[in-house]
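Just so you know, residue 1 is the first one in the sequence shown, and it goes up from there. Worth knowing before you read on, the calculation uses all heavy atoms, side chains too, and leaves out hydrogens, waters and symmetry mates. Predicted model only: the values in this text are computed from it and were never measured.
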Amino acid sequence: MLKKAELPGCPVAITVQLIGSKWKILIIRNLMQRPWRFNELKRDLTGISQKVLTDSLRSMELDGIVKRKIYPEVPPHVEYSLSDLGKSMEPIIEAMAQWGINYKKIFSNMDTSKD
């Protein structure tokens, strides 16, 4: 978890520092749907390594964005979900999704061939 003195002065830079990686944003996108188990996330996030997923989840947990719940079973059952702070990012992720949809429409209407 970052200390107040370590936070950048710019609010946008703070957000980028906390969730700026490709994988963290996609993890949040998934966790907006429901709680996920580690292996479910690993399977769904094609291309992510176990180390990067582990590090990203731990980092977001320390930053208060993700909650980790351990069920006392054999074998242990662990689920990840968004904390209230993480849920407050939903409008940001939804705005990014809408922007991507709009960009795709605009881009598909552009003449990308060169004569």
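- Hydrophobic cluster membership differs between I92 and I101, with clusters built from Ile, Leu, Val, Met, Phe, Trp and Tyr side chains linked at under 4.5 angstrom.
- Linking Ile, Leu, Val, Met, Phe, Trp and Tyr residues whenever their side-chain heavy atoms come within less than 4.5 Å leaves V16 and L7 in two separate clusters.
- Rounding to the nearest 0.5 Å places CD1 of I25 at 5.0 Å from CD1 of I19.
- Taking CD1 of I65 as the start and NZ of K87 as the end, the distance is 14.0 Å to the nearest 0.5 Å.
- The CZ atom of R68 sits 12.0 Å away from atom OG of S81, with the distance rounded to the nearest 0.5 Å.
- Note: M89 CE to I93 CD1 = 6.0 Å, rounded to the nearest 0.5 Å.
- Counting heavy atoms from C-beta on, the side chains of E90 and L82 come closer than 4.5 Å.
- Separating the NZ atom in K24 from the CG atom in L57 is a distance of 10.0 Å, to the nearest 0.5 Å.
- Not a single donor-acceptor pair under 3.5 Å links the side chain of S59 to the backbone N or O of S56.
- When side chains are defined from C-beta on, Y80 does not count as touching I27, because their heavy atoms never get closer than 4.5 Å.
- When all heavy atoms of R37 and P76 are compared, the closest pair comes out as NH2-O, 4.3 Å.
- Counting heavy atoms from C-beta on, the side chains of K69 and P35 never come closer than 4.5 Å.
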List the steps, then state whether side chain to side chain contact (heavy atoms under 4.5 Å, CB included) holds for L26 with R29. CA-CA 5 Å; L26 295 177; R29 176 207 61 193; 3.4 Å; yes
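- Looking only at side-chain heavy atoms (C-beta outward), K67 and L31 stay at 4.5 Å or farther from each other.
- Note: the hydrophobic cluster containing I106 also contains W99 (ILVMFWY, side chain heavy atoms under 4.5 Å, direct or indirect links).
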Quick one, Q50 with T54, criterion side chain to side chain contact (heavy atoms under 4.5 Å, CB included). Give me CA distance, side-chain angles, the key distance, then yes/no. CA-CA 6 Å; Q50 183 165 333; T54 299; 4.2 Å; yes
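- The closest side-chain heavy-atom distance from I28 to M60 is below 4.5 Å.
- The closest side-chain heavy-atom distance from L45 to W23 is below 4.5 Å.
- What you find for W36 and N30 is that their closest heavy atoms are NE1-O, 2.8 Å.
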